Asks: 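The following block contains the structure, expressed as structure tokens.
All values reported here derive from a predicted model rather than from experimental measurement.
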Amino acid sequence: MLPITDPLFYAYAVPAILIVGLSKGGFGGGIALIGVPLMSLAISPIQAAGIMLPILLVMDAVGLLSYRHSFHKPTLKLMIPAGCVGIAIGWATAAYVTDDHVRLIVGLISLAFVLKHWFGQSAAGEAGEQNRYLGAFWGMVAGFTSFVSHSGGPPYQMYTLKLGLPPILYAGTAVLFFSVINATKVIPYFFLGQFDTANLATSVVLMPLAPLATYAGVRIVRVIDHSIFYRFTYTCVFFVALKLIWDGLVGLGYL
């Protein structure tokens with residue numbers, strides 16, 4: 001089948017891909033989850049997710065190539081297995097979980113996390129110690145929310161931001177984690193009917209933007225100051241949290 005031809009869709013999809021690409025390159029963290037809601041202004045969220053996942057895989061490939069020597073192995077050893085467990089839980093409960101409840105809960109937790117950082121503790125400094133229980137917990141939540149509502153970034157950041165890793169190491173660890181998570185999501189998404197020929201054709205049309213935007217994110221991370229990187233990332237999490245809370249409240253009929 002032919003790709004989507006509606007100009008309004010591309011008016012939303014092009015900036016969505018650029019924003020997600022910057023984030024997948026390591027700059028901006030959780031802002032990647034804005035992509036699907038932005039595309040959903042023109043098409044259904046389910047169709048937007050189906051179009052976005054192949055593009056995410058291309059972005060992940062660029063990110064992996066760029067950060068192949070820059071990642072925090074202890075964090076990945078904790079969070080990747082837990083994230084895969086979270087995906088399995090999301091797949092098993094897909095028919096029973098309400099996306100809007102997940103968005104609201106993740107948004108509230110993320111908002112509390114950022115406010116505590118801003119008003120209750122100092123900015124990220126030296127790398128903190130690993131906590132295997134917290135790492136496994138937040139990794140599982142990140143995998144679950146990534147599968148259910150494409151909001152895995154904030155739970156992932158709950159644990160990793162507090163480690164205070166250098167920007168390149170932080171970005172490379174996030175890229176590798178979500179590369180594995182996105183690749184693992186392909187099979188359950190296929191069986192849930194997320195892919196069809198029209199969606200895949202549209203993904204192909206948008207795909208040339210993916211490596212360009214991702215590489216731009218990689219370049220920014222390599223030159224940005226450590227303190228500016230963390231201030232910007234926490235600010236992004238704050239606004240993403242507000243967006244999740246708003247979407248959850250609207251979806252549940254409270255607004």
Side-chain angles (χ1 to χ4, degrees), residues 16 19-20 22-38 72 75 78-79 82-83 86 99-131 133-175 177-178 181 217 220-221 224-252 254-255:
I19 291 170
V20 173
L22 287 172
S23 179
K24 295 295 288 182
F27 185 65
I31 60 172
L33 65 82
I34 295 173
V36 169
L38 190 56
H72 196 236
T75 299
L78 272 175
M79 300 192 76
D99 290 3
D100 293 313
H101 281 104
V102 174
R103 291 188 184 101
L104 181 59
I105 292 170
V106 172
L108 289 171
I109 294 173
S110 301
L111 181 61
F113 170 73
V114 174
L115 293 178
K116 181 182 178 182
H117 172 79
W118 282 345
F119 300 108
Q121 61 187 60
S122 60
E126 297 299 320
E129 294 183 0
Q130 294 286 340
N131 184 313
Y133 299 108
L134 287 177
F137 173 76
W138 287 117
M140 183 177 64
V141 175
F144 176 80
T145 56
S146 177
F147 181 87
V148 174
S149 62
H150 310 287
S151 54
Y156 171 83
Q157 291 167 323
M158 295 284 186
Y159 182 70
T160 55
L161 277 176
K162 298 178 75 172
L163 297 176
L165 300 172
I168 293 178
L169 200 60
Y170 175 89
T173 304
V175 165
F177 175 79
F178 283 106
I181 293 300
I220 293 172
V221 169
I224 194 171
D225 178 78
H226 181 280
S227 60
I228 294 175
F229 175 85
Y230 272 98
R231 284 199 297 270
F232 181 79
T233 303
Y234 272 102
T235 302
C236 287
V237 176
F238 173 75
F239 285 109
V240 165
L242 295 181
K243 179 69 168 65
L244 287 170
I245 293 170
W246 174 267
D247 288 346
L249 291 174
V250 170
L252 294 170
Y254 294 126
L255 292 176

Asks: State the CD1-CZ distance between Ile224 and Arg231, to the nearest 0.5 angstrom.
Replies: 9.0 Å
Asks: Under 4.5 Å between any side-chain heavy atoms of Thr75 and Gln130, yes or no?
Replies: yes
Asks: Distance check, rounded to the nearest 0.5 Å: Leu242 atom CG versus Leu108 atom CG?
Replies: 10.0 Å
Asks: For ring pair (Phe, Tyr, Trp, His ring centres under 6.0 Å), just list the numbers for Tyr159 and Phe137, CA-CA rounded to whole Å, side-chain angles, deciding distance to a tenth of an Å, and then say yes or no.
Replies: CA-CA 9 Å; Tyr159 182 70; Phe137 173 76; over 10 Å; no
Asks: What heavy-atom pair brings Ala136 and Ala82 nearest, and what distance separates the two atoms?
Replies: O-CB, 3.1 Å
Asks: Name all residues meeting the ring-ring contact (aromatic ring centres under 6.0 Å, His included) criterion together with Tyr156; count only those two or more places apart in sequence or in a different chain, and write none if there are none.
Replies: Phe177, Phe178
Asks: Would you name the heavy atoms of Met158 and Ile109 that are closest together and state the gap between them?
Replies: CE-CG2, 3.0 Å
Asks: At their closest point, which heavy atom of Val221 faces which heavy atom of Phe27, and how far apart are they?
Replies: CG2-N, 3.7 Å
Asks: If you measure from CD on Gln157 to NZ on Lys162, what distance do you get to the nearest 0.5 Å?
Replies: 13.5 Å
Asks: Identify the heavy atoms of Pro154 and Leu244 that sit nearest to each other, and give their distance.
Replies: CG-CD1, 4.2 Å
Asks: Which value, rounded to the nearest 0.5 Å, describes the distance between Asp247 atom CG and Leu252 atom CG?
Replies: 10.5 Å
Asks: If you round to the nearest 0.5 Å, how far is CG of Leu249 from CD1 of Ile245?
Replies: 7.5 Å
Asks: When you measure from the side chain of Tyr230 to the backbone of Pro167, do you find a donor-acceptor pair of N or O atoms at a distance under 3.5 Å?
Replies: no
Asks: To the nearest 0.5 angstrom, please state how far the CG atom of Leu78 sits from the OG1 atom of Thr160.
Replies: 12.0 Å
Asks: If we only count heavy atoms from C-beta on, is the Ile181 to Phe147 side-chain gap below 4.5 Å?
Replies: no
Asks: Which pair of heavy atoms, one from Ala171 and one from Gly26, lies closest together, and at what distance?
Replies: CB-CA, 3.6 Å
Asks: Write down the atom of Gly152, the atom of Thr145, and the distance for their closest heavy-atom approach.
Replies: CA-OG1, 3.5 Å
